[in-house]
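I have placed the structure first, in the form of structure tokens, so that the comments after it can refer back to it.
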Amino acid sequence: MFLHVFSAILLSGVASAKTPPHILFIVSDDLGFNDVSFHGSNQIPTPHIDSIANRGIKLMNYHVQPVCSPTRSTFMSGRHVIHTGIYMPFSQGTALRLHLNYTLLPEYLKKCCNYSTHMVGKWHLGQNVMKSLPIGRGFDTYLGYWSGAEDYYTHDTKGAYDFNDDVAPKTLRVAAEYNLTYSTSVFTQRAVDIISSFSPTSEQPMFLYLPYQNVHWPLEAPDDYVAMFANTTGGNKERNMVCAMAKILDDGVGNVTQALKDAGIFDTTLVIFSSDNGGPTNGNEGTASNNFPLRGGKNTIWEGGTRVVGAIAGPGIPATGATTFTKFHAADWMPTLVSMASGQNWANFVAKDEPPYQLGDGMDLWAVLSQGADSPRDWLLLECHPDPPQGGTIGEHGNALIVGDMKIIKLGQTHPEDENGNFPPPGQDPTKTEYLMKCNAAGGVPRVGPASATECTDQYCLFNITADPCEYHDLAKTHPDVVQELLTRLKAFQATTVPPVEPEGCSPVQVILPGGARAWQPCDGPHSQGETL
């Protein structure tokens with residue numbers, strides 16, 4: 001069924017005079033900065049992810065949001081979370097969603113360049129109504145789960161199945177045949193099938209967005225992968241599982257990139273790899289991703305929460321394997337890819353009734369990536385909120401802004417204390433590991449252990465993250481003038497912030513499957529009344 005439908009979609013387009021490159025955008029979930037071998041880890045071999053980095057560019061100053069839905073909304077919309085209001089992940093079963101009046105990346109790629117658009121994997125940007133689903137936001141086909149976390153095998157979340165195989169504009173199908181099949185295998189095979197439907201003579205370019213489930217909890221992996229790391233994590237079972245899950249992710253990436261070669265489109269496909277946030281570390285969330293030598297992890301605005309694995313390779317990108325510390329933000333992908341694909345200013349495709357883009361939103365950095373041009377981005381806004389009343393706490397994760405070399409940070413109401421420090425993974429010896437990120441620590445060995453629990457909670461801290469990317473030395477007291485300068489810059493962003501997004505409309509519903517099991521569906525979908533499918 002899928003190939004028949006997909007072929008019909010592919011052939012319905014009109015060929016452009018010059019076909020832009022295919023785009024493969026791979027996202028990992030909760031993968032830590034220290035969970036890939038091209039960053040120096042000797043614990044988890046990731047040759048296929050490394051291959052993307054080694055034949056393109058390693059993005060070493062690449063920042064996303066500190067947690068899931070916020071980053072994914074930023075990828076798709078090109079808008080910073082201070083303008084979407086998505087500061088925290090969406091809870092399952094709610095009517096939370098990315099605003100429907102935003103044009104998203106797949107819609108822009110269709111509009112500018114006639115892309116055939118496909119998504120495989122985790123959505124987490126809304127599921128309450130048809131228009132909030134991937135096939136309602138510009139994707140021609142979708143296979144995956146709409147929620148934020150579920151069982152890798154049973155695909156159950158909060159008592160109901162969440163795994164759908166959908167075709168635009170309105171065809172929804174609960175993909176019950178994948179019950180008890182590990183999600184990474186399902187996603188990889190579908191991605192391979194999509195890629196195999198293209199060839200060097202295809203009329204339309206492909207956009208494939210592939211956000212894998214790995215390595216998010218629950219910690220599950222096939223036994224043979226778990227066995228690979230049985231003696232490498234110092235007996236820590238959680239780290240053993242994360243290593244296994246990262247390895248099966250890497251193998252999936254290898255199968256997908258091999259499919260590009262088999263289809264004859266490897267050399268005409270731009271490949272992006274990104275994590276969605278820093279990994280939860282030091283036992284946070286009951287798991288064991290790792291961001292060492294960076295400080296902090298998921299749900300924090302320390303570097304370990306927002307500076308993540310990133311790489312890009314393919315047409316237009318120098319095939320050097322170079323490492324760049326040029327600033328790049330998750331919001332930049334949308335304008336960068338639309339400009340690259342169209343050969344025009346991406347803003348030419350913005351409709352008159354589109355909500356305005358504002359200071360803090362994404363920039364077109366294609367010339368920076370492809371030509372090494374000077375970057376217009378001298379700042380990175382990690383997150384910000386209005387100043388609270390005297391004695392109050394900043395909202396969500398807090399306020400953090402990087403300008404040039406310097407970063408100001410003040411923590412908000414969400415900052416897991418168990419992640420506040422620099423923690424190597426169980427089984428890894430920092431004295432024998434050559435990390436790509438250098439911390440300029442005394443003696444050349446990165447600092448290990450917890451940091452002050454009160455630092456940056458009552459007052460703004462200041463770090464030189466070029467010289468001190470691991471955030472060892474607070475310079476606020478010795479450079480109060482720099483703190484004030486950055487606070488002045490911060491106020492311009494604070495002036496445009498919006499409050500957290502609120503639920504809109506009816507909530508998603510559970511419908512009954514044959515045999516009595518339940519599945520999540522949108523409240524206005526064809527099965528919204530709870531009848532048996």
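For the single chain, residues carry numbers from 1 onward in sequence order.
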At what distance, to the nearest 0.5 angstrom, does [atom1] of [X] lie from [atom2] of [Y]?
X      : Y      : atom1 : atom2 : answer
Leu270 : Leu337 : CG    : CG    : 6.5 Å
Ile394 : Thr414 : CD1   : OG1   : 12.0 Å
Trp217 : Met241 : CH2   : CE    : 14.5 Å
Arg307 : Ile465 : CZ    : CD1   : 5.0 Å
Asp276 : Thr71  : CG    : OG1   : 6.0 Å
Ile301 : Leu382 : CD1   : CG    : 6.5 Å

Once side-chain hydrogen bond (donor to acceptor under 3.5 Å, both in side chains) is applied, what residue pairs with a partner in residues 467-480 remain, sequence neighbours excluded?
Lys407-Glu471
Can you pull out every side-chain hydrogen bond (donor to acceptor under 3.5 Å, both in side chains) where at least one residue sits in residues 334-343? Sequence neighbours excluded, please.
Ser339-Asp364
Ring pair (Phe, Tyr, Trp, His ring centres under 6.0 Å) evaluation trace for Phe273 with Phe25
CA-CA 6 Å; Phe273 184 89; Phe25 192 161; 9.6 Å; no
Verdict with reasoning, Asn214 to Leu31, per side-chain contact (heavy atoms from CB on, under 4.5 Å):
CA-CA 8 Å; Asn214 302 55; Leu31 189 73; over 6 Å; no
Set of disulfide (SG to SG under 2.5 Å) partners for Cys461, sequence neighbours left out
Cys456
With a 4.5 Å limit on heavy-atom distance, are the side chains of [X] and [Y] in contact?
X      : Y      : value
Val271 : Arg55  : yes
Lys122 : Cys68  : yes
Leu490 : Leu381 : yes
Pro450 : Phe423 : yes
Leu294 : Asn422 : no
Val242 : Asn240 : no
Met60  : Tyr62  : no
Thr233 : Pro425 : no

Distance-only check: which donor-acceptor pairs under 3.5 Å involve side-chain atoms of residues 312-324, not counting sequence neighbours?
unit_1	atom_1	unit_2	atom_2	d
Thr320	OG1	Ala322	N	3.2
Thr324	OG1	Thr326	N	3.1
Thr324	OG1	Thr326	OG1	3.0

Tell me, with the steps shown, if Phe463 and Ile408 meet side-chain contact (heavy atoms from CB on, under 4.5 Å).
CA-CA 7 Å; Phe463 296 95; Ile408 54 170; over 6 Å; no
Run the numbers on Trp379 and Phe493 for ring pair (Phe, Tyr, Trp, His ring centres under 6.0 Å), then give the verdict.
CA-CA 11 Å; Trp379 54 269; Phe493 297 103; 5.0 Å; yes
May I ask you to check whether [X] and [Y] show a side-chain donor-acceptor distance below 3.5 Å?
X      : Y      : value
Asp387 : Gln494 : yes
Thr281 : Asn291 : no
Gln43  : Arg239 : yes
Ser69  : His124 : yes
His415 : Glu417 : no
Asp418 : Asn284 : yes
Glu504 : His99  : yes
His385 : Thr497 : no

Taking 4.0 angstrom as the limit, do [X] and [Y] come out as a salt bridge?
X      : Y      : answer
Arg79  : Glu354 : yes
Glu419 : Lys298 : no
Asp378 : Arg489 : yes
Lys247 : Asp35  : no

Parallel, tilted or perpendicular, as decided by the 30° and 60° cut-offs, for the rings of [Y] and [X]:
X      : Y      : answer
Trp333 : Phe328 : tilted
Tyr357 : Trp346 : perpendicular
His83  : His80  : perpendicular

Judged by atom type as modelled, is there a donor-acceptor pair below 3.5 Å linking the side chain of Trp366 to the main-chain atoms of Leu369?
no
Check whether Glu238 reaches the backbone of Ser289 with its side chain - one donor and one acceptor, N or O, closer than 3.5 Å.
no
Starting from the C-alpha separation in whole Å, work towards a yes-or-no answer on salt bridge (charged side-chain N to carboxylate O under 4.0 Å, His left out) for Glu502 and Arg97.
CA-CA 8 Å; Glu502 296 284 346; Arg97 67 191 187 212; over 6 Å; no
Between Asn128 and Thr94, does a side-chain contact (heavy atoms from CB on, under 4.5 Å) hold up when you go through it step by step?
CA-CA 7 Å; Asn128 70 317; Thr94 67; over 6 Å; no
Could you pull out the closest heavy-atom pair between [X] and [Y], with the gap in Å?
X      : Y      : answer
Asp250 : Pro45  : OD2-O, 4.3 Å
Thr46  : Phe38  : OG1-N, 4.4 Å
Thr117 : Gly138 : OG1-O, 2.6 Å
Thr457 : Ala453 : CG2-O, 3.8 Å
Thr496 : Ala492 : CG2-O, 3.9 Å
His397 : Pro66  : ND1-CG, 3.6 Å

Looking at residues at least two apart in the chain, or sitting in another chain, which of them share a side chain to side chain donor-acceptor pair (under 3.5 Å) with Lys131?
none
Using the test side chain to side chain donor-acceptor pair (under 3.5 Å), find all partners of Asn34 that sit at least two apart in sequence or belong to another chain.
Asn290, Gln428
For Ser77 and Thr84: C-alpha separation, side-chain torsions, deciding distance, then whether side-chain contact (heavy atoms from CB on, under 4.5 Å) applies.
CA-CA 9 Å; Ser77 71; Thr84 64; 4.2 Å; yes
Atom CD of Gln413 with >12 non-hydrogen neighbours under 6.0 angstrom:
yes
So among Leu208, Ile49, Leu210, which one has a side-chain contact (heavy atoms from CB on, under 4.5 Å) with Ile26?
Leu210
